Every structure is written in C-alpha cells, then in structure tokens.
Amino acid sequence: MTWAAVARALWETSGELNARRPRDHPISTSAITSLRDKGRTSCQHVLFMLRWLDLPPEAFLGDGREVTDIRLPAADAAHRLRWDVRGMGATLDDRRREDDLTWPGLARHIGCQPGQLSGLRTARYATNIDLAMRVVQWLGVASTAFIYCGTW
C-alpha cells in the first residue's frame with residue numbers, strides 16, 4: 001500500500017462518523033510519515049494507526065515486554081478512538097499534589113518542560129504521543145485509562 005492508501009484506510013475505519021461530520025479533516029499522509037521520519041506524532045493521530053493495527057501504545061515502548069493484557073476500546077464505524085488529554089492532565093495534577101511536587105519538580109521526573117504538563121489540564125485536542133506515554137508510565141496506569149470511543 002502507498003502511504004496515501006494507508007491514510008485512507010485509517011480514516012475509513014470511522015466511515016459512519018466521517019459521513020456525519022463532513023467538515024472533519026481526514027488523517028493526512030504526513031501525520032503518518034512524520035512518525036516514520038521524525039519518530040513523533042500527536043496522541044490523537046497515533047490512535048488511528050493503533051486502531052488499524054489493533055495494538056495499544058504500550059506495544060511500541062521497546063522494553064522487550066509482550067503486551068497481552070492491554071486492549072484498545074472496541075470502536076465501531078460510528079466512533080473514533082480519542083485520547084482524554086484533559087482527563088490525563090487532571091489525574092496527573094491530582095497525583096502531583098498527592099506527592100507534594102511542583103510542576104518543575106514533576107517535569108524533571110518525566111523529562112519535559114513544566115508547561116507541557118500543566119497545559120494538559122486545558123489542552124483542546126492533543127499532545128505528542130511521546131509525552132502522553134511518559135505521563136501514563138509515571139502515573140503507573142495503562143494508556144487505555146485515557147482512551148475512549150468518541151464521536152468527534
């Protein structure tokens with residue numbers, strides 16, 4: 001398949017939803033190839049790919065563990081998998097407060113800038129998948145704790 005054909009196949013996994021939301025923009029070829037070329041993409045874009053592959057994000061951590069106990073939510077053609085970035089940010093903030101950490105202190109633990117973490121609580125759509133996975137690993141939860149079937 002060409003990368004353009006892959007992008008079309010990913011988009012069509014939510015064909016019914018796409019028909020109801022004609023203003024939505026299909027996943028672009030560049031969103032896929034940027035992952036290949038730069039090793040990064042948004043947490044929302046990667047869910048299109050992971051749904052198609054039927055694999056959770058943890059399958060790509062590269063730590064040698066086989067992931068058999070984490071499953072993506074089952075999405076039908078009327079839904080897309082979506083990452084609850086704000087929910088993840090709120091959970092992170094709660095845990096930060098429980099552990100009596102400042103945003104800069106937590107950022108040192110996670111390996112990012114403080115604003116990247118504090119901004120998750122108000123993010124409109126997404127963050128990069130690298131940061132999302134570092135956050136869920138620090139929280140000690142599966143990524144699927146923040147992945148749901150959405151209608152947007």
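Owing to the predicted nature of the structure, the values given are computational and were not obtained by experimental measurement.
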Report the residue from Val136, Val46, Leu50, Val67 that forms a side-chain contact (heavy atoms from CB on, under 4.5 Å) with Pro57. Leu50

In this structure, would Val135 and Tyr125 fall into the same cluster of hydrophobic residues linked by side-chain contacts under 4.5 Å? no

Closest non-hydrogen atom pair, His79 against Arg51: O-NH1, 2.9 Å

Using only atom types and a distance under 3.5 Å, with no angle test, would you say the side chain of Arg71 pairs donor to acceptor with the backbone of Pro56? no

Flag the pair Asp94 and Arg97 as a salt bridge only when some basic side-chain nitrogen lies within less than 4.0 angstrom of an acidic carboxylate oxygen. no

In this structure, OG1 of Thr127 is separated from CD of Gln44 (nearest 0.5 Å) by 10.0 Å

Answer yes or no: are there more than 12 heavy-atom neighbours, outside Asp100 itself, under 6.0 Å from its atom CG? no

With a 4.5 Å cut-off on side-chain heavy atoms, are Asn128 and Ser42 touching? no

pair Asp24-Arg80: side-chain heavy atoms closer than 4.5 Å: yes

Is any side-chain heavy atom of Thr91 closer than 4.5 Å to one of Phe146? yes

Between Arg20 and Thr151, do the side chains contain a donor N or O and an acceptor N or O under 3.5 Å apart? no

Atom CD1 in Ile110, atom CG in Leu131: separation rounded to 0.5 Å? 7.0 Å

Check for a donor-acceptor pair, side chain of Gln113 on one end and backbone N or O of Ala107 on the other, with a separation under 3.5 Å. no

Under the 6.0 Å and 45° cation-pi test, does Arg96 pair with Trp103? yes

Any chance you could measure Leu47, atom CG, to Ile27, atom CD1, to the nearest 0.5 Å? 9.5 Å

Leu139 and Arg95 have their tightest heavy-atom pair at O-NH1, 3.3 Å

So, for Ala123 and Ala126, which heavy atoms are closest and what is the spacing to 0.1 Å? CB-O, 4.4 Å

Does one hydrophobic cluster hold both Leu61 and Trp83, with members joined at side-chain heavy-atom distances below 4.5 Å? yes

Could you tell me if the side chain of Ser143 sits less than 4.5 Å from the side chain of Met133, heavy atoms only? yes

Please tell me whether Trp11 and Met1 are part of a single hydrophobic cluster in this structure, the criterion being side-chain heavy atoms less than 4.5 Å apart. yes

Applying the 4.5 Å side-chain criterion to the ILVMFWY set and letting contacts propagate, would Leu72 and Val85 be lumped into a single cluster? yes

Please check if Trp52 and Ile32 belong to a single hydrophobic cluster, counting links between Ile, Leu, Val, Met, Phe, Trp and Tyr side chain heavy atoms closer than 4.5 Å. yes

Working to the nearest 0.5 angstrom, can you tell me the gap between Ser14 OG and Trp152 CH2? 12.0 Å

Which atoms form the tightest heavy-atom contact between Leu81 and Pro73, and what is the distance? CD2-O, 3.6 Å

Is the shortest side-chain heavy-atom distance between Thr33 and Lys38 below 4.5 Å? no

Output the distance between atom OG1 (Thr13) and atom CG (Asn18), rounded to the nearest 0.5 Å. 7.5 Å

Glu16 to Ala78 - nearest heavy-atom pair and separation: OE1-CB, 3.7 Å

What distance separates Thr41 OG1 from Asp130 CG, expressed to the nearest 0.5 Å? 11.5 Å

I'd like to check Arg36 versus Trp3 (side-chain heavy atoms, cut-off strictly below 4.5 Å). Are they in contact? yes

